[in-house]
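Shown next, in structure tokens, is the structure this report addresses.
Note that this is a predicted model, so its numbers are computed, not measured. Keep in mind that the numbers below use all heavy atoms, side chains included, and drop hydrogens, waters and symmetry copies.
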Amino acid sequence: MWAGGRIEFIQPLRVGGEASRVSTIKHIEEKHGRTGVLLFVTVQHDYLQDGQLAIREEQDIVYREPSPPKASSGEPLVAGDWREAVTPSSTLLFRYSAVTFNGHRIHYDWPYVTDTEGYSGLVVHGPLTATLSLRAFCRANPQARLRRFAYRGLRPLIAPQPFEVGGRISGEGQAELWAGNEAGLAQRADVQFD
């Protein structure tokens with residue numbers, strides 16, 4: 001399960017230039033929660049061009065014992081400076097799985113996700129939700145130059161149920177982003193920008 005992540009934008013990647021990625025497991029920790037044993041793994045990805053670090057990404061992944069999915073966060077959506085509606089389709093989820101090389105069946109295999117995993121439908125990728133949230137920020141603030149982006153999943157979003165992404169400027173060079181629907185918040189994020 002994707003729990004969250006952080007991205008640092010150090011310098012722009014050049015379109016058409018050769019790039020490489022170096023991935024490193026940074027941290028592994030076992031915890032015990034309400035649903036049983038949880039294994040937290042943090043993976044760092046460094047994206048380089050011409051030997052120079054351009055982007056650093058950390059991904060927080062949680063491996064857990066099977067448990068019923070969380071249907072509601074209990075936290076309502078907050079008012080923001082911008083909002084965008086999203087209706088996730090099975091085609092969108094399949095394409096995002098393909099472009100990110102994500103083979104987890106919860107995103108594209110209806111019988112598996114409903115019968116085996118116990119979800120009510122296809123699960124929207126946490127990173128897709130984060131991407132849509134950041135895109136909404138960029139559309140609302142086209143002059144902003146991204147520096148850091150951090151996000152944390154609170155509960156899954158299920159396709160084709162509509163959800164919203166939005167946010168607000170929270171201070172000089174800072175914004176709070178969110179995603180969710182009538183069942184409450186599903187993801188929180190913070191952006192630092194110039």
Side-chain angles (χ1 to χ4, degrees), residues 1-7 31-43 45 57-80 82-140 149-168 176-191:
M1 173 173 77
W2 199 290
R6 291 153 303 285
I7 302 172
K31 294 183 179 181
H32 297 273
R34 291 186 322 262
T35 60
V37 177
L38 304 168
L39 185 65
F40 289 82
V41 179
T42 301
V43 180
H45 302 288
E57 177 184 17
E58 287 187 347
Q59 301 172 343
D60 299 323
I61 303 164
V62 180
Y63 297 90
R64 64 176 178 84
E65 296 176 350
S67 63
K70 188 175 181 183
S72 173
S73 68
E75 297 181 61
L77 296 181
V78 294
W82 64 88
R83 298 175 98 121
E84 289 187 11
V86 178
T87 302
S89 68
S90 59
T91 303
L92 173 65
L93 300 187
F94 180 80
R95 287 179 175 164
Y96 195 82
S97 290
V99 78
T100 59
F101 299 98
N102 184 335
H104 198 324
R105 294 167 62 186
I106 63 172
H107 304 300
Y108 61 84
D109 186 337
W110 178 273
Y112 173 81
V113 73
T114 56
D115 297 342
T116 303
E117 295 279 348
Y119 290 95
S120 60
L122 299 175
V123 177
V124 179
H125 310 70
L128 173 57
T129 304
T131 300
L132 296 170
S133 292
L134 192 56
R135 180 183 72 175
F137 167 80
C138 290
R139 286 180 176 172
F149 176 58
Y151 60 97
R152 183 174 159 261
L154 304 173
R155 67 173 179 87
L157 291 166
I158 305 298
Q161 297 170 6
F163 64 92
E164 292 184 349
V165 293
R168 69 180 190 88
E176 298 171 347
L177 311 183
W178 48 261
N181 55 21
E182 71 281 348
L185 287 175
Q187 190 177 90
R188 293 181 191 267
D190 294 299
V191 175

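A side chain to side chain contact (heavy atoms under 4.5 Å, CB included) with Ser89 is found for exactly one of Thr87, Leu93, Thr91, namely Thr91.
Residues Tyr151 and Ser133 form no side-chain contact, since every pair of their non-hydrogen atoms from C-beta on lies 4.5 Å or further apart. Within the 4.5 Å cutoff, side-chain heavy atoms of Arg155 are placed close to those of Leu157. By the 4.5 Å heavy-atom criterion applied to side chains, Thr116 and Asp109 are not counted as neighbours. In this structure, Val62 and Leu39 have side chains that are not in contact, with every pair of non-hydrogen atoms separated by 4.5 Å or more. Residues Val123 and Ile158 meet the side-chain proximity criterion, which asks for heavy atoms closer than 4.5 Å.
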Could you walk me through whether Glu176 and Asp190 pass side chain to side chain contact (heavy atoms under 4.5 Å, CB included), step by step? CA-CA 5 Å; Glu176 298 171 347; Asp190 294 299; 3.9 Å; yes
Take Val124 and Val86 through the side chain to side chain contact (heavy atoms under 4.5 Å, CB included) test and state the conclusion after the steps. CA-CA 11 Å; Val124 179; Val86 178; over 6 Å; no
Check step by step if side chain to side chain contact (heavy atoms under 4.5 Å, CB included) holds for Phe149 and Glu57. CA-CA 9 Å; Phe149 176 58; Glu57 177 184 17; over 6 Å; no
Criterion side chain to side chain contact (heavy atoms under 4.5 Å, CB included) on Arg83 and Leu77, from CA distance to verdict: CA-CA 11 Å; Arg83 298 175 98 121; Leu77 296 181; 3.9 Å; yes
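Scanning for salt bridge (charged side-chain N to carboxylate O under 4.0 Å, His left out) contacts around Arg95 gives an empty result, with sequence neighbours left out. Trp82 pairs by the ring-ring contact (aromatic ring centres under 6.0 Å, His included) definition with Phe137, not counting sequence neighbours.
More than 12 non-hydrogen atoms from other residues, nucleotides or ligands lie less than 6.0 angstrom from CZ of Arg6. Enclosure of atom OH in Tyr63 is not indicated, since only 12 or fewer non-hydrogen atoms of other residues, nucleotides or ligands lie within 6.0 angstrom.
A side-chain N or O of Ser97 and one of His125 form a donor-acceptor pair less than 3.5 Å apart.
Checked by atom type and distance alone, the side chain of Tyr108 pairs as donor or acceptor with a backbone atom of Gly103 at under 3.5 Å.
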